Amino acid sequence: MQAASRESYKVAAERLDAYVRGAEPSAVATTADDILSVAALLRREPRLRRALSDPARSGEDRAALLTGILSGKVGRDAVDLLVALVSGRWSAPSELLDGAERLGVEALLASADNAGELGEVEDELFRFGQVVSGSGALSNTLSDPIAPAEQRASLARELLAGKARPVTVRLVEAALAGFGGRSFTGALTRLVELAADRRDRQVAYVTVAAPLSDSEERRLGARLSEMYGREVSVKQTVDPEVLGGVSVRVGSDLYDGTVLRRLNETRNALAKR
């Protein structure tokens with residue numbers, strides 16, 4: 001987002017934080033669903049996006065337009081939060097859509113946080129991403145932009161039935177809808193990171209040839225926490241092809257100590273002789 005859009009989103013996000021403080025998780029989840037339904041409407045209706053982000057209209061005018069459209073269709077709390085969103089200045093209609101989606105996602109994460117389930121939701125999102133990436137056919141099916149979104153969402157719900165919390169399922173549906181303009185796998189990764197961030201944690205993606213033991217994972221997490229000055233949530237991926245060692249990615253930082261990397265470096269060095 002550009003600066004004006006970021007500032008407008010910040011105002012709405014602060015309003016959301018005030019709303020969720022002490023609120024019942026179920027009420028927050030309902031508000032989140034309402035916000036995401038409006039975001040879906042904005043995705044389908046480009047003319048509405050343009051009208052609600054038109055700099056030639058005053059914030060009050062845009063707020064009145066939105067209120068008139070939503071009256072009686074979504075809850076009062078969702079309307080109040082969305083009014084705070086559209087009343088600000090937006091650099092582009094697409095950034096208003098991104099802001100509405102992000103606000104709905106943050107509300108879902110807040111509902112899980114209030115219920116004491118945010119860590120579990122974070123893990124469920126990551127594990128589902130691992131399941132999807134481990135099956136080429138499933139990944140292609142869920143990532144196919146031509147297939148109807150509801151059809152892909154129905155498949156995801158079947159796969160997650162009895163295995164994930166309702167908030168996790170709803171977040172997966174947001175990823176399938178292209179959260180933030182990302183691919184499905186990219187959106188899932190971003191959702192994992194947003195969940196961790198709400199818990200004031202950094203995500204470390206760790207690739208190993210064989211699973212780390214609980215004590216090894218704790219030691220690695222503690223070491224990374226010391227390095228980054230923040231709690232770290234370790235997410236393991238087991239890939240026998242790395243042969244041994246550990247690869248760790250935190251944000252844009254990559255620490256690759258795998259045997260595969262060393263073999264590749266040796267092979268490249270020999271090829272240059």
Side-chain angles (χ1 to χ4, degrees), residues 1 6 9-10 12-23 25 28-29 32 36 98-99 101-133 160 163-175 179-180 182-208 211-239 246-257:
M1 287 184 185
R6 285 198 303 271
Y9 178 77
K10 180 181 176 183
E14 289 173 349
R15 183 77 63 87
L16 174 65
D17 287 342
Y19 160 68
V20 303
R21 202 171 295 126
V28 178
L36 288 172
D98 289 346
E101 289 180 335
R102 173 73 181 271
L103 195 67
V105 160
E106 290 288 0
L108 277 175
L109 294 173
S111 73
D113 198 11
N114 284 8
E117 298 179 342
L118 186 53
E120 289 82 357
V121 167
E122 179 187 322
D123 287 340
E124 288 169 357
L125 287 169
F126 177 72
R127 287 197 298 269
F128 186 63
Q130 294 292 96
V131 169
V132 172
S133 63
L160 291 168
K163 301 172 185 174
R165 288 158 177 77
V167 167
T168 303
V169 176
R170 189 68 183 88
L171 288 167
V172 168
E173 291 173 353
F179 171 60
R182 299 173 178 85
S183 67
F184 174 54
T185 54
L188 273 183
T189 298
R190 180 58 177 150
L191 290 171
V192 169
E193 292 168 353
L194 288 174
D197 189 60
R198 182 163 278 274
R199 297 198 298 142
D200 196 26
R201 291 170 178 253
Q202 190 93 9
V203 177
Y205 298 99
V206 177
T207 304
V208 288
L212 297 175
S213 68
D214 291 344
S215 61
E216 288 172 331
E217 183 175 316
R218 283 195 298 271
R219 287 198 298 272
L220 177 59
R223 178 65 183 125
L224 291 169
S225 295
E226 289 177 7
M227 292 173 60
Y228 286 91
R230 189 182 187 190
E231 288 295 311
V232 170
S233 182
V234 175
K235 305 299 182 189
Q236 284 193 58
T237 298
V238 177
D239 181 1
V246 181
S247 171
V248 179
R249 179 171 65 81
V250 182
S252 59
D253 298 334
L254 176 64
Y255 309 96
D256 192 344

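All values below come from the heavy atoms of this structure, side chains included, with hydrogens, waters and symmetry mates left out. As the structure is a prediction and not an experimental result, all values here were calculated from the model.
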Apply side-chain contact (heavy atoms from CB on, under 4.5 Å) to residues F184 and V172 and explain how you reach the verdict.
CA-CA 9 Å; F184 174 54; V172 168; 4.2 Å; yes
Walk me through whether Y228 and D253 qualify under side-chain hydrogen bond (donor to acceptor under 3.5 Å, both in side chains).
CA-CA 11 Å; Y228 286 91; D253 298 334; 2.8 Å; yes
Pair Q202, S233 - check side-chain hydrogen bond (donor to acceptor under 3.5 Å, both in side chains), show working.
CA-CA 6 Å; Q202 190 93 9; S233 182; over 6 Å; no
Enumerate, atom names and distances included, each donor-acceptor pair closer than 3.5 Å involving a side-chain atom of residues 13-23, sequence neighbours excluded.
from: Y19; atom 1: OH; to: A27; atom 2: O; distance (Å): 3.4
from: Y19; atom 1: OH; to: T31; atom 2: OG1; distance (Å): 2.7

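When every heavy atom of L224 is checked against every heavy atom of A204, the shortest pair comes out as CD1-CB, 3.6 Å. Taking each heavy atom of G180 and D98 in turn, the nearest pair found is CA-OD1, 4.0 Å. In plain terms, the two heavy atoms of V203 and A196 that are nearest each other are CG2-CB, 3.4 Å. The two atoms that bring Q130 and T237 nearest to each other are NE2-OG1, 3.1 Å, heavy atoms only. Annotation for S111 and A29: closest pair CB-N, 3.7 Å, computed over non-hydrogen atoms.
Two residues are said to be in side-chain contact when any heavy atoms from C-beta on lie closer than 4.5 Å; D239 and V208 fail this criterion. Taking 4.5 Å as the limit, every side-chain heavy atom of F179 sits out of range of all side-chain heavy atoms of L36. Using a 4.5 Å cut-off on side-chain heavy atoms (C-beta onward), L212 and L220 make contact. Between L194 and L109 the shortest side-chain heavy-atom distance falls below 4.5 Å.
Scored by the side-chain hydrogen bond (donor to acceptor under 3.5 Å, both in side chains) test, R165 finds E124 as partners (sequence neighbours excluded). Not counting sequence neighbours, the partners of R102 by the side-chain hydrogen bond (donor to acceptor under 3.5 Å, both in side chains) test are E106.
T168 contributes no side-chain N or O that, together with a main-chain N or O of L125, makes up a donor-acceptor pair within less than 3.5 Å. Using modelled atom types, no side-chain atom of E231 and backbone atom of D200 make a donor-acceptor pair closer than 3.5 Å.
Here CD of E173 is found 9.5 Å from CG of L108. Values are rounded to the nearest 0.5 Å. Between atom CG of residue L188 and atom OG of residue S183 there is a gap of 8.5 Å, rounded to the nearest 0.5 Å. Put simply, CG on D123 and CZ on F128 are 15.0 Å apart, with the number rounded to the nearest 0.5 Å. To the nearest 0.5 angstrom, S247 atom OG is 13.0 Å from Y205 atom OH. Remark: L160 CG to L171 CG distance equals 11.0 Å, nearest 0.5 Å. Note that CZ of R218 and OG of S225 are 13.0 Å apart. Values are rounded to the nearest 0.5 Å.
Considering K235, R198, R201 in turn, K235 is the only one that fulfils the salt bridge (charged side-chain N to carboxylate O under 4.0 Å, His left out) rule with E122.
Look at D197 and R190 and you find no salt bridge, because none of the NZ, NE, NH1 or NH2 atoms lies under 4.0 Å from a carboxylate O.
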